[in-house]
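Throughout, a chain's letter reflects where its sequence line sits, starting with A, and its residues are numbered from 1. When reading the values below, keep in mind they use all heavy atoms of this one structure, side chains included, and skip hydrogens, waters and symmetry mates.
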Protein chains: 2
Amino acid sequence: MKVLNKETDYAVRALISLGMKSDGWVSAKVISDEQAIPYQFLRRILQELIRSGLVESKEGAGGGVRLAKEPGLIAVAEVIEIFQGKVQLSECMFRKQLCSNRANCVLRHEIMRIEKMVNNEFSQVTIGKLIDDLKAVEAMNKTRQTEQQETV
Amino acid sequence: MKVLNKETDYAVRALISLGMKSDGWVSAKVISDEQAIPYQFLRRILQELIRSGLVESKEGAGGGVRLAKEPGLIAVAEVIEIFQGKVQLSECMFRKQLCSNRANCVLRHEIMRIEKMVNNEFSQVTIGKLIDDLKAVEAMNKTRQTEQQETV
DNA sequence: GATTTCTGATACCAATTTAGTATCAGTTAA
DNA sequence: TTAACTGATACTAAATTGGTATCAGAAATC
Ligand code: FES
Ligand code: FES
């Protein structure tokens, strides 16, 4: 079962790219190359992020996009919601009118519990946090490389 | 974002139906009527549950299906895995060979954490537990109805 | 002012997945 | 022998997914 689709995945990676460049506007081309995301697909994703207010853009040569908020204030949960809607484990859940079986449904209670848990977790993971993780990993790799060179 | 599909949903409901009838074989027809599940679709789902060993069947007139294990020993996680595979939040996760971006991927760590949480939760929710919940709800409804009658 | 580098908007597409239907063969009880 | 069942499997329409393509317009630069 695959939960996050490519749009969400690419969006998060694009936001990470943006979050790591604090200076000026970044073109879709650059992000596309950096993260190996198909250019036209990424363009559509960025436009969606702009419409949602997570990212802002500047048209024309020298233009591009940049984060509209601090990385630490952008939760993965928001990104998921933009591209895939709120996490709903079972379809009948919030569209109560559509579900004829509601009265007999015991799944509802347990599923809502887990659902809330998941949403809560994704709300805690911000782009800022991911960037910190990434930097920590990079620092560790660097140290290891240096050690290896020393032993050569 | 819809996580559980109709197959899983129907399967769980069918298992609940079966779990509540401790006696003998139950035909697909009966379950189909009871849970308002399209007959042919349910048949395919039941066959899958049989192949997976959660349910056993008896052919011929008077035949049908029944649980192969105690309801308390059938976790929703198992059912999900049969129809949708293990919960994987992001696709690249376990198919490491397919993912060219692994070295740069920070999502991996956080996502695996949440993934484990979800799998763990679904492992705790058994058909038995859902049946208990259902019975509790039914009992409550009955009490409420009685009270209402008394006040009329 | 022409050209190049960008975004905005939107239409299109193939492949896959989802949800559901249909058919036929074989088994067992009555 | 017939009716009520499951086993196996093929088929389908519609939606979703992942990706492509096009054209218009904005700003910097030559
Ligand atoms: S609320 Fe609809 S089947 Fe559960
Ligand atoms: S492991 Fe593949 S992008 Fe994360």
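Enclosure of atom CD in A:Glu70 is not indicated, since only 12 or fewer non-hydrogen atoms of other residues, nucleotides or ligands lie within 6.0 angstrom. The local environment of CD in A:Gln124 is crowded, with over 12 non-hydrogen atoms from other residues, nucleotides or ligands closer than 6.0 Å.
Close to C:dT7, at under 4.0 Å from its OP1 or OP2, lies no side-chain N or O of A:Lys29. Residue B:Ser57 places none of its side-chain N or O atoms closer than 4.0 Å to OP1 or OP2 of D:dC5. At D:dG19, one or more side-chain N or O atoms of A:Tyr10 fall inside 4.0 Å of OP1 or OP2 (strictly under the cut-off).
The side chain of A:Arg51 sits closest to C:dA9 out of C:dT5, C:dA9, C:dA19. Looking at the side chain of A:Ala61, the nearest of the listed nucleotides D:dT20, C:dT4, C:dT18 is C:dT4.
Residue side chain A:Gln47 reaches the base of C:dA9 through a donor-acceptor N/O pair under 3.5 Å, judged by distance alone. Residue A:Arg44 places a side-chain atom within donor-acceptor reach of the base of D:dT20, judged by atom type and a 3.5 Å distance cut-off alone.
Backbone-only contact: B:Ile50 has heavy atoms under 4.0 Å from sugar-phosphate atoms and none from a base. Contacts of B:Gly62 with the nucleic acid, taken as non-hydrogen atoms under 4.0 Å apart, are absent.
Between A:Leu4 and A:Gln84 there is a side-chain heavy-atom pair separated by less than 4.5 Å.
Residue whose closest nucleotide on DNA chain C sits further toward the 5' end, between B:Leu42 and B:Gln84: B:Gln84.
A donor-acceptor contact closer than 3.5 angstrom links the side chains of A:Thr8 and A:Asn5.
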